[in-house]
Number of protein chains: 2
Amino acid sequence: MSQGQPLQRGALTVQGILEEATALADDGGLAALSMRALGRRLGVEGMAVYHHFANKEALLDALVDRVFNEMALPEGEDWRVGLRARSVSERLVLRRHPWAIGLVESRTAPGPITLAHQDHVIGYLRARGFAGRGSAQVLAFLDAYVYGFVLQELALPTDPTPVVDVVREHEGPSPYPHLDALITEVVEAGYDFADEFDVGLDLLLDAMGALRG
Amino acid sequence: MSQGQPLQRGALTVQGILEEATALADDGGLAALSMRALGRRLGVEGMAVYHHFANKEALLDALVDRVFNEMALPEGEDWRVGLRARSVSERLVLRRHPWAIGLVESRTAPGPITLAHQDHVIGYLRARGFAGRGSAQVLAFLDAYVYGFVLQELALPTDPTPVVDVVREHEGPSPYPHLDALITEVVEAGYDFADEFDVGLDLLLDAMGALRG
DNA sequence: TATCGTGCTTTACGCTGTAAGAGTCTCGTC
DNA sequence: GACGAGACTCTTACAGCGTAAAGCACGATA
């Protein structure tokens, strides 16, 4: 699967293609994942991939599905502990593959790995006192929080100084007085947005108790 | 701004371009928004747009920023009521422009409208007992929930029957027993995922009280 | 009237996904 | 061993993409 050297005939496998496609997207974003670039990386012409996937959409479907394989399943008796671990893992996986969350929006047919993952979580919750609808709600609300938080993290500039400059770049009264104050009080006091994930997660987990039984 | 008829020289404005670009993306998704298609809709060659926006990225930046104009700002004394109204509006706007949430991921420099919106919300929260960090947390957690929920809504198939078929399409024991049970108990009893938004939102708003003062 | 800048068009380049067809290699069967 | 059938890959081609560069036409200014 390494770059450049041509493969033996038949050495192109679905697994291998998915691995290289993931690596390609991880490195250069979704835009870098073209069929030709993927072929190049596999030591093959781009069109060769079409013998293993009907079209690019099918490849992307499989890619998204595969991401769920990396997410930890909830474990242990205490559902708060189990769900927290799963959510933490989910966030890390989505940060590792930033292209995945952008793809979710456009694909409406969950793959087998995704279904198996969700099936497991639902079963886990049902065994711990969450009734039918309650289990679905807990899964949906936690996922919503994780997806949304990661989305904000990805949109966060790696270097905040230009934004800070924009907020403060003015003469006379600031156009964004409250953001200005927030920067002074919080951001400049060593605030790390990533730390807030656990805070919000614990608040949400506490709230989920109301959906039990 | 209507389709087809050529414009007078100079009739192409930033506002007009943004309006048509939004309509184009609303209708056919982000993929339908090409510079040539946009020009066609404006009665102009695609390249003409480049006299008003440096490149497509700049256009997309402005599009995302403009979306924030449609979101209601929080109002009233009761912060729970004010925030709930804002979140409900935010969700509706994101559903109206499904392409917007996919764009957020890739743009790290918030525009002036976005900044003004956030500034207002932070000010609103500060005036109602949320200290520096607390106000930032409330905004982040609520947005995370709304973004993530809408993301799931957009990924939801408009017609769930094919997914139901996949879950149940088996001989012998179901590969997804808990999802199968969930469908029986909940989905087939007239479950509407959209209704869950308010449930989760109220739980989260209750939890936000802990960040006050 | 001559000049200039603005706003739009034209042309061109390298990229994209993928349809169609032409090889070529590997098998199972006789 | 010969042969037919598939499976697999490559080649070619097409329409569309973002956008650099240059050209053209008009209104305002000198």
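In what follows, chains carry the letters A, B, and so on, assigned in the order in which the sequence lines appear, proteins first and then strands, with residues in each chain numbered from 1.
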(message) Can you confirm if the aromatic rings of A:F197 and A:Y145 lie within a centre distance of less than 6.0 Å?
(response) yes
(request) Locate the shortest heavy-atom distance separating A:L151 from B:E105; write the atom from each residue and the value. (result) CD1-CB, 4.2 Å
(message) According to side chain to side chain contact (heavy atoms under 4.5 Å, CB included), who are the partners of A:I113, at least two apart in sequence or on a separate chain?
(response) A:D65, A:F68, A:N69
(request) Over all heavy atoms of both residues, which pair between B:P162 and B:D159 is shortest? Give the atoms and the distance, please. (result) CD-O, 3.2 Å
(message) Distance check needed: C:dT16 P versus A:L59 CG, whole Å only.
(response) 14 Å
(message) I need the CD-C1' distance between A:E45 and C:dT16, as an integer number of Å.
(response) 15 Å
(request) Determine whether the side chains of A:E196 and A:Y191 contain a donor N or O and an acceptor N or O closer than 3.5 Å. (result) yes
(request) Find the distance B:F53:CZ to C:dC8:P and express it as a whole number of Å. (result) 13 Å
(message) Without decimals, in angstroms, what is the distance between A:H52 NE2 and C:dG17 C1'?
(response) 18 Å
(request) Describe the nucleic acid contact of B:A48 in one word from base, sugar-phosphate, nothing, applying a heavy-atom distance below 4.0 Å. (result) base
(message) Expressed as a whole number of angstroms, how long is the span from A:L30:CG to C:dC15:P?
(response) 20 Å
(request) Sugar-phosphate means primed atoms, P, OP1 and OP2; the rest is base. With that split, encode nucleotides 13-24 of chain D 5' to 3' as B, S or - using protein heavy atoms under 4.0 Å. (result) B---BBBBB---
(request) Please determine, by modelled atom types, if B:T184 and B:R168 share a side-chain donor-acceptor pair under 3.5 angstrom. (result) yes
